[in-house]
Amino acid sequence: MTTKNEIIIKSPGRINLIGEHIDYNDGFVLPAAIDKCILLRLTINGHSNRCTVKSEGFTSVLIADLNNLAKGTEGWHNYVLGVIGELQKLTDKLSGFDCTIRSTVPVGSGVSSSAALACGLAFGLNELFKLGLTKWDLIKIGQRTEHDYVGTKCGIMDQFANIMGKEGHFMLLDCRSLEFQYVATELGDYRMLLLNTNVSHNLSDGEYNIRREQCEKGLDILVKRFNIDRTFRKVTSEMLLSIKTELGPVLFNRCAYVIEEIKRVQKAARELKNGNLESVGMLMYESHEGLAKKYEVSCDELDFLVEISKNEPELLGSRMMGGGFGGCTLNLIHKDAIDGFVKKAAQSYKKSFNINLTHFQTQPSEGTAMISNF
Ligand code: GLA
């Protein structure tokens with residue numbers, strides 16, 4: 001049970017039906033918060049500046065001094081220190097606190113355990129110390145933490161999905177205007193199944209930021225050449241084709257993927273609203289193809305899982321999800337076909353890569369909120 005000085009926060013991971021690597025490219029995304037989450041128990045500890053944070057999955061305890069925030073010694077420390085650092089810039093109301101973290105969100109699997117940690121903590125401290133920050137403040141704090149303390153120049157999708165998630169709904173977010181609408185998830189007998197390659201990614205390794213830079217370079221050239229507003233939304237396939245040589249194969253492919261994916265997401269949102277799941281599935285396959293061949297953020301293990309999904313008649317669509325280079329595929333599959341498919345997929349995956357496949361089903365769930373039991 002919680003007391004006045006103690007609160008418990010439930011902070012979810014996220015899935016994204018379609019619209020990958022286009023949140024930072026002025027595109028649209030279609031994410032949802034999920035039922036895998038991080039729990040944070042937060043207590044005001046009476047010290048003026050000493051914070052103690054421990055995560056049940058890790059042995060190290062992070063002790064932070066609010067007046068002198070050092071760099072973290074483990075990856076997850078930087079999310080905590082980043083959130084504290086960003087809050088310190090906005091308020092002088094923080095004082096010492098203790099935090100215990102428990103997680104069921106798989107790390108490095110493309111379901112955004114990192115935004116769950118950063119946004120969950122920001123949300124919790126906002127409640128604990130009555131800071132009065134808005135949901136968008138918390139989303140931006142989560143994003144700045146990734147940019148400035150972790151080093152991944154991510155878009156806004158993960159933090160947005162974490163805070164704004166609504167049970168039974170995807171969210172169509174316009175990453176340019178930040179306007180969004182909830183789209184009810186009516187999947188009938190179909191389910192969302194995640195297959196985890198158990199190949200872990202670390203986006204701060206650099207490839208993520210390189211993709212972002214390549215898109216910016218490509219867009220610079222397009223803007224100069226066609227005198228258009230600086231957004232991929234103004235770029236047509238004809239424009240792109242006409243300067244293929246100038247862009248070179250890499251920038252051409254990156255930009256082609258972006259403008260195609262922007263269109264695919266808008267179409268997928270319409271098809272989802274009309275209940276046309278077969279068409280959504282086809283778009284998922286197209287998205288994967290683009291991510292693998294043009295954006296080059298997939299890997300052999302993800303491609304293998306998407307390829308074998310095509311042999312399953314009751315599976316409508318499959319694609320890599322999140323930043324890529326490992327993590328999960330998202331599959332839209334009939335509920336009666338799940339057990340058989342998972343069994344076959346696990347056997348052939350093990351045979352090909354000697355790695356155990358894991359899986360879970362999920363559904364759109366509530367965003368970060370206060371709950372009463374840890
Ligand atoms: C990561 C980033 C997001 C987004 C996805 C790819 O999850 O944090 O902002 O770019 O990759 O769609």
Side-chain angles (χ1 to χ4, degrees), residues 14-31 108-112 146 152-158 173 175-176 195 197 199-222 231-237 239-241 243-244 246-268 280-307 309-310 317-331:
R14 65 101 190 88
I15 50 173
N16 182 28
L17 189 59
I18 194 163
E20 222 62 89
H21 282 273
I22 54 168
D23 54 352
Y24 56 84
N25 277 318
D26 259 357
F28 298 86
V29 291
L30 201 47
S109 301
V111 288
S112 204
E146 283 273 3
T152 306
K153 302 289 179 197
C154 66
I156 197 80
M157 170 172 76
D158 302 350
L173 171 69
C175 300
R176 188 162 194 224
L195 295 183
T197 58
V199 176
S200 196
H201 68 181
N202 181 354
L203 299 182
S204 58
D205 277 352
E207 285 299 323
Y208 184 96
N209 293 349
I210 290 173
R211 293 300 176 282
R212 190 168 180 154
E213 282 160 21
Q214 289 167 335
C215 290
E216 270 160 25
K217 261 192 210 151
L219 188 57
D220 282 343
I221 298 173
L222 284 153
T231 169
F232 275 109
R233 297 204 196 168
K234 296 280 180 199
V235 181
T236 63
S237 327
M239 288 177 184
L240 199 60
L241 258 179
I243 58 161
K244 191 171 178 181
E246 191 179 341
L247 286 169
V250 173
L251 295 194
F252 175 79
N253 278 332
R254 304 294 190 253
C255 296
Y257 166 77
V258 170
I259 64 173
E260 287 156 10
E261 184 81 347
I262 288 177
K263 290 199 193 106
R264 272 194 289 268
V265 180
Q266 290 169 292
K267 187 162 178 210
V280 173
M282 295 291 290
L283 292 162
M284 289 169 73
Y285 277 127
E286 283 174 25
S287 172
H288 183 80
E289 181 83 4
L291 286 159
K293 307 245 169 77
K294 294 184 179 168
Y295 216 68
E296 297 182 283
V297 289
S298 186
C299 61
D300 290 347
E301 292 85 351
L302 287 165
D303 294 344
F304 178 89
L305 292 176
V306 170
E307 221 29 60
S309 80
K310 294 179 182 161
S318 176
R319 62 176 203 86
M320 57 148 274
M321 200 187 64
F325 309 106
C328 292
T329 60
L330 176 66
N331 303 272

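Just so you know, these numbers come straight off a predicted model, no measurement behind them.
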Considering residues at least two apart in sequence or located in another chain, which fulfil the side chain to side chain contact (heavy atoms under 4.5 Å, CB included) criterion with [X]?
X	result
Thr236	Glu238, Met239
Gln266	Phe28, Ile262, Arg270
Cys154	Gln143, Glu146, His147, Thr152, Gln159, Tyr208
Cys299	Glu301, Leu302

Results of side-chain hydrogen bond (donor to acceptor under 3.5 Å, both in side chains) for [X] - residues two or more places apart only:
X	value
Asn16	Glu20
Lys234	none
Asp303	His288, Ser298

Phe252: ring pair (Phe, Tyr, Trp, His ring centres under 6.0 Å) partners, not counting sequence neighbours: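 Scan of Phe252 (ring pair (Phe, Tyr, Trp, His ring centres under 6.0 Å), adjacent residues dropped) gives none.
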
Is a donor on one side and an acceptor on the other found under 3.5 Å between the side chain of [X] and the backbone of [Y]?
X	Y	value
Arg319	Asn331	no
Asp23	Ile156	yes
Ser109	Val111	no
Thr197	Gly327	yes

Would you say that [X] contacts [Y] through its side chain, given a criterion of any heavy-atom pair below 4.5 Å between the two side chains?
X	Y	value
Ser309	Thr329	no
Cys215	Tyr257	no
Met321	Arg14	yes
Ser318	Leu305	no

Carboxylate-amine/guanidinium proximity below 4.0 Å for Glu213 and Lys217: no

Carboxylate-amine/guanidinium contact Glu260 Lys263, below 4.0 Å: no

Salt bridge (charged side-chain N to carboxylate O under 4.0 Å, His left out) partners of [X], counting only residues at least two apart:
X	answer
Lys310	Glu307
Asp26	Arg176
Glu286	none
Asp220	Arg230

Passing candidate, side chain to side chain contact (heavy atoms under 4.5 Å, CB included) with Ile18, options Val265, Leu330, Val280: Val265

Stepwise salt bridge (charged side-chain N to carboxylate O under 4.0 Å, His left out) check, Glu296 with Arg211: CA-CA 9 Å; Glu296 297 182 283; Arg211 293 300 176 282; 5.5 Å; no

OH on Tyr295 to CD on Gln214, rounded to 0.5 Å: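 Separation between the atoms: 7.5 Å.
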
Spatial distance of atom CG (Asn25) from atom CZ (Arg254) [nearest 0.5 Å]: 11.5 Å

Testing the basics here: between [X] and [Y], what is the closest heavy-atom pair and its distance to 0.1 Å?
X	Y	answer
Val29	Cys175	CG2-SG, 3.8 Å
Ala256	Lys294	CB-CD, 4.3 Å
Ser287	Glu261	OG-OE2, 2.9 Å
Cys255	Leu222	SG-CD1, 4.3 Å
Val235	Leu219	CG2-CD1, 4.2 Å

CA sep, side-chain torsions, deciding dist, call: Leu240, Leu247, side chain to side chain contact (heavy atoms under 4.5 Å, CB included): CA-CA 9 Å; Leu240 199 60; Leu247 286 169; 3.6 Å; yes

Leu17 and Met284: CA distance, side-chain angles, deciding distance, side chain to side chain contact (heavy atoms under 4.5 Å, CB included) verdict: CA-CA 8 Å; Leu17 189 59; Met284 289 169 73; 4.2 Å; yes

Heavy-atom neighbours of Lys153 NZ exceed 12 at 6.0 Å: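 More than 12 within 6.0 Å, yes.
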
